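Input: a single structure, listed below in structure tokens.
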Amino acid sequence: MPTLVCVPITVRSIESALGDAREAEMRGADLVEYRVDEFFGGDDAEGEQIVGLVADSPLPCIVTCRSSEEGGAYDGDDDARVSLYERLGTAEHPPAYIDVELATYTRSANIRRKIDLAVEHPKQLRDVHTRLILSMHDFGGRPPDLTRRLAAAYAEPAASVVKVAYRARSIRDNLELFEILRDAQKPTIALGMGEFGLMSRVLAPKFGGFLTFASLRAEGVTAPGQPTIDELLNLYRFRSIGRDTKVYGVIGWPVAHSMSPLVHNAGFEAVGHDGVYLPMPVAADENDAEASRVSFDATVGAMLADESIGMLGASITIPFKEIARSARLPGVCGTDFNEDVAEIGAANTINAEWATAEGHAYVSASLSNTDSVAISGLLADELERIAGATIGIIGAGGVALAAAYAATTRGGNVMIFNRTLSRAQKLVEHTNRPRVSGDRPGGSFRGEAHAAALSQLPESRCEVLINCTPVGMSGGPDPDGLSIPIPDMTNIGPDTVFFDTVYNPIETPMLRAARERGCRTIDGVQMFVRQAAAQFELWTGKPAPVELFDRLVREALGTRH
Ligand code: NAP
């Protein structure tokens, strides 16, 4: 049976709950869950209204009056809410399910008797009778007695569905939730709460989960980390996820606002690739690089090595690009770093592959850097010849390093202008050092890099100038700043190319100034799309729909503004 999509609705008034249920139906939900604990205070008349709500519900429903012990708002006595369940179960139009906490159900013989009566009422000789979901919620983390509690829930004859939800503290927690679904003795819901648990919600169909929850609106989330129904159905294409769906993601900290899920999921759909791409947050400590490295290795290793997940690729973003260069992934048999990664000292892409040898399946991983592929592709499109051209790079961080490598490898000469001159000098040393692999085959000569103070930028003579600092970035240290002082520059003309790696906003103050001087420009969206396209091609073996990628990113950034 396909995994159902359920929209939880916090009932505050019957009219608004019915309105939300109609909207949930329109947006593609299979059922709704009426959370009545804010509405119901134990009063008979309130109970009557809830019976009416269920009778008028446009979709089959779950009703739950969640106790404050398990994250709900109900703190009245058990008798009143158990009587509500009994009344609902024996009503003319009973809900499809009532959800009762295992802790409540097993608290007394009287409660158990009443709930049993609600789900086994003799009048219910029809299809529409109520079934019992026995649930357990833990907002702190995985309960230490999880196995015992699960066994207790499965052992209850009255339970038709067992639900377990707890706060995921790492994306690794999803692996246990998937194991619970694989070993389920009855229809089961196993969900991780919080941003680390998103994967358990989206991949539930892969492991035969009974249902998943999705909120109607971003602001109406009843449990942290819940996707909206639009995200679930349209971004993650939930209905097309099955056992064999391959999993990809963006690994970073934070990753919630990454645009990579938008382009890769749409791309998979466009080329007919059975894959889904998810944000994969991995906690990092900016003051402790070693702790971040341990976190990266352990998490990524565990995800790749779990064959049932079928994770075949990932994008790597801040702050793990440099850490990934020396990744040691437990459970992964062989990690290969391509030449660009070895030279740049940073990776942004993982490509994994499963193989079988002597009856054992094993996974291997290769790491590459598509930032430099994107930059060299864009330079090659813009310049007649990169070889011999002078390319100015502003900044001396990770992207500047990839740009310097891309340009010099193809014979370009590079000037690094940076606020901290010593850092620019270090980058120059790194770029000019003998390369591990020698020069590129084909005999192309390598360009040289030189460092200069930022104050020398106005008098510089470069065919291309690339901003690799966050200056001009919305939300960055200097959103209104000009990363390159174009009005003060004397040696530029209509053929000078200004390239900004910042993509939010699409037209940064520097790009606007360049356009106003009549110069050529490359924006950060073009770079983002190129690096994503190169990843997509590695993973799918198919050409990336770059125009689609470009349109989606520009639309999304336009909306964000
Ligand atoms: P990074 O390693 O942190 O380096 C940032 C560089 O910017 C440093 O050299 C720093 O100078 C300089 N800088 C920071 N604030 C400055 C300021 N207010 N004035 C002058 N210089 C300043 O960053 P990164 O990873 O290389 O990323 C750089 C930019 O690339 C990001 O902001 C991002 O927008 C863009 N990016 C774009 C894409 C894409 O696909 N389009 C992908 C990745 C990154 P000091 O050395 O003096 O500290």
Side-chain angles (χ1 to χ4, degrees), residues 250 252-253 255 257-260 262-264 284 286 289 315-325 344-349 369-379 392-406 415-428 430-431 451-457 465-485 499-511 521-536 544 546 549-550 552-554 556-557 560:
V250 51
W253 184 256
V255 283
H257 293 102
S258 168
M259 278 185 305
S260 297
L262 181 71
V263 297
H264 288 299
E286 63 180 38
S315 314
I316 305 165
T317 186
I318 291 170
F320 295 116
K321 287 186 184 185
E322 283 83 16
I323 286 173
R325 156 69 186 98
I344 299 165
N348 76 336
T349 310
N369 190 315
T370 65
D371 284 338
S372 75
V373 173
I375 294 169
S376 47
L378 289 164
L379 291 177
I393 293 173
I394 297 87
V399 174
L401 195 57
Y405 171 76
M415 293 293 298
I416 310 284
F417 301 92
N418 193 45
R419 183 177 63 177
T420 313
L421 186 58
S422 60
R423 213 171 157 203
Q425 284 159 340
K426 237 175 119 188
L427 195 155
V428 163
H430 181 94
T431 306
L454 211 47
S455 54
Q456 288 175 267
L457 197 47
L465 283 142
I466 312 176
N467 171 42
C468 300
T469 77
V471 175
M473 183 174 78
S474 143
D478 187 4
D480 300 321
L482 270 181
S483 53
I484 303 171
F499 176 174
D500 208 330
T501 61
V502 171
Y503 57 73
N504 188 14
I506 302 170
E507 187 172 74
T508 58
M510 183 274 276
L511 287 182
T521 58
I522 302 173
D523 65 34
V525 174
Q526 287 169 270
M527 173 170 162
F528 177 82
V529 167
R530 285 276 180 125
Q531 61 80 30
Q535 296 181 325
F536 185 93
V546 281
F549 282 15
D550 192 84
L552 288 173
V553 176
R554 286 178 198 280
L557 288 170
R560 272 187 204 181

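Order of appearance sets the numbers: ligands from 1, and atoms from 1 within every ligand. What you see is a predicted model, and the numbers here were worked out from it, not measured in a lab.
- Close contacts of ligand 1 with G524, meaning ligand atoms under 4.0 Å from a residue heavy atom, involve 41 (N).
- Looking at ligand 1, you'll find an N or O of A396 within less than 3.5 Å of one of its N or O atoms.
- Relative orientation of the F536 and H264 rings is parallel, given thresholds of 30° and 60° on the angle between their planes.
- Distance check for atom 46 (O) of ligand 1: a protein heavy atom is found below 4.0 Å.
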- Task: Carefully, step by step, assess T469 and M510 under the rule side chain to side chain contact (heavy atoms under 4.5 Å, CB included).
- Result: CA-CA 12 Å; T469 77; M510 183 274 276; over 6 Å; no
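- Closest heavy-atom approach to atom 20 (C) of ligand 1 among the candidates R530, M473, R419: R419.
- Counting only heavy atoms of the protein, atom 27 (O) of ligand 1 lies nearest to V399 CG2, 3.5 Å.
- The nearest pair of heavy atoms linking P509 to P479 is CG-O, 3.6 Å.
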- Message: Is there a side chain to side chain contact (heavy atoms under 4.5 Å, CB included) between D500 and S483? Walk through the geometry before answering.
- Response: CA-CA 9 Å; D500 208 330; S483 53; 4.2 Å; yes
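- At least one N or O atom of G398 sits closer than 3.5 Å to an N or O atom of ligand 1.
- Considering only non-hydrogen protein atoms, atom 21 (N) of ligand 1 sits nearest to T469 CG2, 3.9 Å.
- The single protein non-hydrogen atom nearest to atom 42 (C) of ligand 1 is M527 CE, 4.0 Å, given as residue, atom name and distance.
- By the criterion of a heavy-atom distance under 4.0 Å, the side chain of N418, and not its backbone, is placed next to ligand 1.
- Taking distance alone, with nitrogen or oxygen atoms compared against 3.5 Å, T501 approaches ligand 1 more closely than that limit.
- Remark: minimum distance from atom 14 (C) of ligand 1 to any protein heavy atom is reached at P470 CD, 3.4 Å.
- With rounding to the nearest 0.5 angstrom, the CE atom of M527 is 4.0 Å from the CD1 atom of I375.
- Using a 4.0 Å threshold on non-hydrogen atoms, atom 31 (C) of ligand 1 does not count as touching the protein.
- At least one N or O atom of T420, backbone or side chain, sits closer than 3.5 Å to an N or O atom of ligand 1.
- With respect to atom 1 (P) of ligand 1, the closest heavy atom belonging to the protein is G397 CA, 4.0 Å.
- For atom 40 (O) of ligand 1, the nearest protein heavy atom (residue, atom name, distance) is F528 CA, 3.3 Å.
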- Task: Could you go through the side chain to side chain contact (heavy atoms under 4.5 Å, CB included) check for T317 and S258 one step at a time?
- Result: CA-CA 9 Å; T317 186; S258 168; over 6 Å; no
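- Rounding to the nearest 0.5 Å places CZ of F549 at 8.5 Å from CG of L552.
- Each of N418, V399, I416 was checked for a side chain to side chain contact (heavy atoms under 4.5 Å, CB included) with I393, and the lone residue meeting it is I416.
- Counting heavy atoms under 4.0 Å from ligand 1, residue V471 touches it through the side chain alone.
- C468 O, 3.9 Å is the protein heavy atom nearest to atom 6 (C) of ligand 1.
- Just one residue in the list N348, T349, D371 forms a side chain to side chain donor-acceptor pair (under 3.5 Å) with K321, and that residue is D371.
- In terms of polar-atom proximity, P477 is not counted as a contact of ligand 1, lacking any N or O under 3.5 Å from an N or O of the ligand.
- Note that the CD1 atom of I316 and the OG1 atom of T370 stand 10.0 Å from one another [nearest 0.5 Å].
- The protein atom (non-hydrogen) at minimum distance from atom 8 (C) of ligand 1 is R423 NH1, 3.4 Å.
- Using a 4.0 Å threshold on non-hydrogen atoms, atom 37 (C) of ligand 1 counts as touching the protein.
- H430 is not listed as a side-chain neighbour of K426, based on a closest heavy-atom distance of 4.5 Å or more.
- Residue contacts with ligand 1 for Y503 involve side-chain atoms from C-beta outward but no N, CA, C or O (heavy atoms, distance under 4.0 Å).
- Formation of a donor-acceptor pair under 3.5 Å by the D478 side chain with backbone atoms of V471 is not found in this model.
- Considering only heavy atoms from C-beta on, Y405 stays 4.5 Å or farther from S376 through its side chain.
- Per-atom contact check: atom 4 (O) of ligand 1 touches the protein, criterion being a heavy-atom distance below 4.0 Å.
- A side chain to side chain contact (heavy atoms under 4.5 Å, CB included) with R530 holds for exactly one of D550, V546, V373, L378; it is L378.
- Residue contact check: G395 has heavy atoms under 4.0 Å from atoms 9 (O) of ligand 1.
- Here is the list of ligand 1 atoms found below 4.0 Å of a heavy atom in V502: 34 (O).
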